[in-house]
Each structure stands twice: as structure tokens, then as C-alpha cells.
Amino acid sequence: MNCCHSNNIYFSTNINFLFFLLIYSIFTINAYSESSNHAGKNKYSQTRNVNLSIEQLRDDNLKIGLALSGGAAKGLAHIGVIKALEESGIKVDYIAGSSMGALVGAAYASGIPIDTLEKIAINTDWMTAAKLFMPGFSTAGLVDGKRVKEFLYTLYGDKKIEDLPIPFAATAADISTGKLYIINKGSLLEAVRASISIPIVFTPVKHNDIFLVDGGLVNPVPIDVVREMGADYIIAVHVLHARLPAEKGEYIQIENPDKEKTSMTLKSISALITKRIKNIENGQEKEPDEISTVQKEQYKRLGMVKISENTLYIAQDVIAQLQIELYKPDLVIEPDTRNINLYEFYRGKDAIEIGYIEAKKVLMSLPN
């Protein structure tokens with residue numbers, strides 16, 4: 001009985017958090033839209049070095065910054081991008097990363113050779129990946145992060161950010177307020193652990209009196225961060241691609257004769273969700289009669305986890321596109337990782353190849 005009660009509380013907590021995350025994402029997107037439409041829009045009215053050639057990018061006097069996006073397993077494409085940059089003779093002077101971009105960026109900034117990173121990624125099979133995501137005992141996330149920290153320790157050890165060969169910064173967000181935190185000092189392991197803490201999946205990282213989660217919630221492509229670090233030329237790598245390829249929205253019309261049911265406020269939606277949670281806890285959950293058998297099967301296939309994943313990454317993709325438009329990096333590399341699911345870490349070879357090919361393609365398009 002206690003076990004069931006505990007599970008109900010756990011489920012209830014996560015449902016409430018999912019609702020918070022959805023609303024948080026909506027208002028975050030709106031905030032970015034407002035900033036791009038007002039004072040911040042012209043902060044970087046044009047890229048400064050967009051027409052530089054490969055030869056000019058090899059100049060040691062030009063300080064190059066790399067802004068790496070989040071994207072879970074999709075983020076392994078960053079390894080391929082860095083590999084292509086190295087082969088082209090382009091030296092990276094600053095790195096800022098969010099979530100998986102922080103993990104890969106931190107490893108490279110700490111001096112781990114790119115071919116070593118590639119081998120680690122390729123040798124991660126599905127069993128190894130599964131062990132990293134073994135559920136723990138916490139109501140704040142499905143995974144307590146112990147195995148992830150052990151893995152990060154094999155990469156970084158006890159290194160401090162301020163001692164790295166390449167200046168590095170990771171982004172994280174305060175889950176209570178949405179405030180962005182830029183971590184550029186202290187434990188490299190803890191910085192990355194905070195930055196990769198995908199809400200619900202990983203437990204947040206406590207720092208003083210705040211709880212830090214995935215930096216991609218508020219800054220999925222930290223272009224502004226790497227610019228403030230001192231970069232003259234910024235290469236942004238965006239691998240999220242949660243959206244479909246169509247640039248324009250498709251207009252549809254859905255008939256609903258019961259118009260009163262369509263005029264719902266956030267307050268009424270919240271009330272309905274709370275009511276459903278209570279029904280589940282009391283064992284009174286019942287599926288509405290109007291939902292067909294086909295619809296029930298479709299909803300089961302979607303699943304709560306899949307819906308929460310899509311909510312998070314669609315929002316991050318939209319924010320990332322707005323960031324690129326607002327902060328205007330000098331070069332944008334967008335590997336098409338849509339056929340790689342978020343937790344397919346065993347597909348490192350595929351992700352790296354996608355990143356490598358796209359980076360080579362973009363670099364070859366630069367002026368001679």
C-alpha cells in the first residue's frame with residue numbers, strides 16, 4: 001500500500017512538473033520573441049566576419065569561438081563538426097556549450113583529442129547507454145545521475161574550468177525562476193552535470209539554495225556567451241532540429257460544435273489536470289467515452305515521456321532559431337540529426353558522420 005501511495009505521489013509530482021514545463025516553455029518563447037522585436041533586435045545587426053575565407057580563419061590572431069547546442073544523443077554530431085574544423089586547420093579559442101554541447105565542448109576544451117572522443121562515442125553500445133539511464137530513487141527525476149557522474153569523472157577527473165587549455169563555459173537554468181547561469185569556474189564535472197540535467201529525466205544539481213537544470217531551457221545555443229568570452233568570430237552549431245523541414249505553417253480547420261469547451265484559460269486547464277491527478281491517486285481514473293479505440297492506441301504510442309520530450313525540444317529548437325537570428329553568429333552549422341532519437345547514444349558513429357559531412361559542406365562553401 002505504501003509502495004502504491006509512493007508511486008502515486010511520484011506520478012503526481014511529475015505530472016505537475018510537466019505542466020509547469022509546458023507553460024514555462026511557452027512563456028520563454030514569448031520572452032525571446034519580445035526581445036527580438038524590441039531593443040535587443042539590433043544588438044548585433046550584422047555578422048562582422050561572415051565573408052572570411054578558410055585561410056583567414058586559420059589566422060592565429062583571429063579568436064574563434066564555438067557555441068555548441070544541446071540535443072542529447074544528437075549532440076554527438078558536435079564531435080564530427082570539431083573534427084572537420086581541425087582537419088581544415090581552424091583552431092578554436094573559446095567554447096561555450098549547453099547540455100550535450102557542454103559535455104562534448106568540455107571534453108575538447110580539457111585537452112582530450114578529438115579522435116579519442118570519437119572512439120569513446122563509437123564504442124558506446126546500447127547496453128552502456130542504458131546503464132547511464134538506469135532509474136534511481138528520487139522524486140525530482142527519473143535518473144539520479146550517479147552513473148552519469150561516474151562516466152563524467154572518467155572524462156574530466158577533478159579538473160577545474162579555469163585551468164583548461166581552452167577557455168570554457170557551460171549554461172544551466174534555475175528551475176524555480178528560469179534564470180540563466182553561466183558556469184565558467186569551479187568543477188568541470190559539476191558544471192557539465194548541471195548543464196545536462198534534462199528536467200524529469202535527471203535530478204537537478206543543487207548549488208547553494210538553487211536547483212540547476214539543462215541550460216537548453218533558456219539558452220540552447222550560447223552564442224552570446226562565447227561572444228562575451230572574447231571571440232572575434234563565432235561558429236554556432238545547432239543540432240536540435242525538432243521541427244519538420246517545412247518553413248511555413250500549414251493552415252487547417254477543426255470543427256468543434258461545442259464552442260464553450262474551446263475557450264479554456266490556463267487556470268481551467270490547470271484545474272482539470274489537478275482533478276485528473278487526484279482521480280488517478282484515488283484509483284478513479286476513467287477514460288472519456290468519446291475517445292475511440294484507435295485514438296486510445298495512438299495516445300499509448302505517444303506516451304507521456306515522448307510528449308514531454310517533444311514539448312521540451314520543440315521549444316528549444318524555436319528558441320535556438322531566435323537566438324541565431326538575434327545574435328547573428330558568423331557561421332552556422334546545422335547537421336540534420338532528425339533521424340537520431342534523443343537517447344540513441346549508441347548511434348555515435350552515425351551522429352559524428354552527420355556532423356562531419358555537414359561541417360565540411362559549410363566550410364567548402366566559404367570564399368576562397
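Between Leu68 and the options Val239, Ile95, Val221, a side chain to side chain contact (heavy atoms under 4.5 Å, CB included) holds for only Ile95.
Considering every non-hydrogen atom in both Ala351 and Ala73, the closest pair reads CB-O, 4.1 Å. Between Val218 and Pro220, the shortest heavy-atom distance links the atoms C-CD, 3.7 Å. The two atoms that bring Asp336 and Asn339 nearest to each other are O-OD1, 4.3 Å, heavy atoms only. Closest heavy-atom contact between Ala173 and Asp214: CB-O, 3.9 Å. Nearest heavy-atom pair, Ala106 versus Phe168, reported as atom, atom and distance to 0.1 Å: N-CE1, 3.5 Å. The minimum heavy-atom distance between Ala96 and Met229, with the atom names listed, is CB-SD, 4.2 Å.
Proximity of Leu66 to Ile234: side-chain heavy atoms (C-beta onward) are nowhere separated by under 4.5 Å. Taking 4.5 Å as the limit, some side-chain heavy atom of Leu62 sits within range of a side-chain heavy atom of Leu57. Side-chain contact between Arg227 and Tyr233 is absent, with no heavy-atom pair separated by less than 4.5 Å. Taking the side chain as every heavy atom from C-beta outward, His238 and Gln321 approach each other to under 4.5 Å. Between Leu76 and Ile354 the shortest side-chain heavy-atom distance does not fall below 4.5 Å. Contact check for Ile114 versus Ile79: side-chain heavy atoms found under the 4.5 Å cut-off.
Between the side chain of Lys328 and the backbone N or O of Glu325 there is at least one donor-acceptor pair closer than 3.5 Å. A donor-acceptor pair under 3.5 Å is absent between the side-chain atoms of Ser98 and the main chain of Gly101, judged by distance alone. Remark: the backbone N or O of Gly215 is not paired with any side-chain donor or acceptor of Asn219 at under 3.5 angstrom. Of the possible polar contacts, one joining the His78 side chain to the Ser69 backbone as a donor-acceptor pair under 3.5 Å is found. Side-chain N or O atoms of Ser195 include one that pairs as donor or acceptor with a backbone N or O of Thr171 at under 3.5 Å. At distances below 3.5 Å, at least one donor-acceptor pair connects side-chain atoms of Asp93 with backbone N or O atoms of Ile64. Counting only distance, with no hydrogens or angles, the side chain of Arg347 and the backbone of Ile122 share no donor-acceptor pair below 3.5 Å. Judged by distance alone, the side chain of Lys74 and the main-chain N or O of Ile340 form a donor-acceptor pair under 3.5 Å. Side-chain atoms of Glu353 never come within 3.5 Å of backbone atoms of Asp350 as a donor-acceptor pair (strictly under, hydrogens ignored). Listed for the Thr116 side chain is no donor-acceptor partner under 3.5 Å among the backbone atoms of Ile112.
With values rounded to the nearest 0.5 angstrom, Arg58 atom CZ is found 13.0 Å from Leu52 atom CG. Distance OH/Tyr156 to CG/Leu164: 10.0 Å, rounded to 0.5 Å. In this structure, the separation between CG on Leu217 and CG on Leu180 is 10.5 Å, given to the nearest 0.5 Å. Here CD of Glu344 is found 11.0 Å from OG1 of Thr337. Values are rounded to the nearest 0.5 Å. Summarising the geometry, atom CG belonging to Leu152 is positioned 5.0 Å from atom CG belonging to Leu189; distances are rounded to the nearest 0.5 Å. How far CG of Leu103 is from CG of Leu188: 9.0 Å, rounded to the nearest 0.5 Å.
Among residues two or more places apart in sequence or in another chain, the side-chain hydrogen bond (donor to acceptor under 3.5 Å, both in side chains) test is passed with Glu190 by Lys149.
Within a 6.0 Å radius of NZ in Lys206, other residues, nucleotides and ligands contribute 12 heavy atoms or fewer. In the displayed structure, Asp209 atom CG is contacted under 6.0 Å by at most 12 heavy atoms of other residues, nucleotides or ligands.
Each of Val205 and Phe211 belongs to its own hydrophobic cluster when Ile, Leu, Val, Met, Phe, Trp and Tyr are linked at side-chain heavy-atom distances under 4.5 angstrom. Note on Ile183: it clusters hydrophobically with Ile166, by side-chain heavy-atom contacts below 4.5 Å among ILVMFWY residues. Leu240 and Ile357 are not part of a single hydrophobic cluster, where members link through side-chain heavy atoms under 4.5 Å apart.
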List, one per line, each side-chain donor-acceptor pair under 3.5 Å for residues 80-89, sequence neighbours excluded.
{"unit_1": "Lys83", "atom_1": "NZ", "unit_2": "Glu118", "atom_2": "OE1", "d": "3.4"}
{"unit_1": "Lys83", "atom_1": "NZ", "unit_2": "Glu118", "atom_2": "OE2", "d": "3.3"}
{"unit_1": "Glu86", "atom_1": "OE2", "unit_2": "Tyr108", "atom_2": "OH", "d": "2.6"}
{"unit_1": "Glu87", "atom_1": "OE1", "unit_2": "Tyr356", "atom_2": "OH", "d": "2.5"}
{"unit_1": "Glu87", "atom_1": "OE1", "unit_2": "Lys360", "atom_2": "NZ", "d": "3.4"}
{"unit_1": "Ser88", "atom_1": "OG", "unit_2": "Ala84", "atom_2": "O", "d": "3.0"}

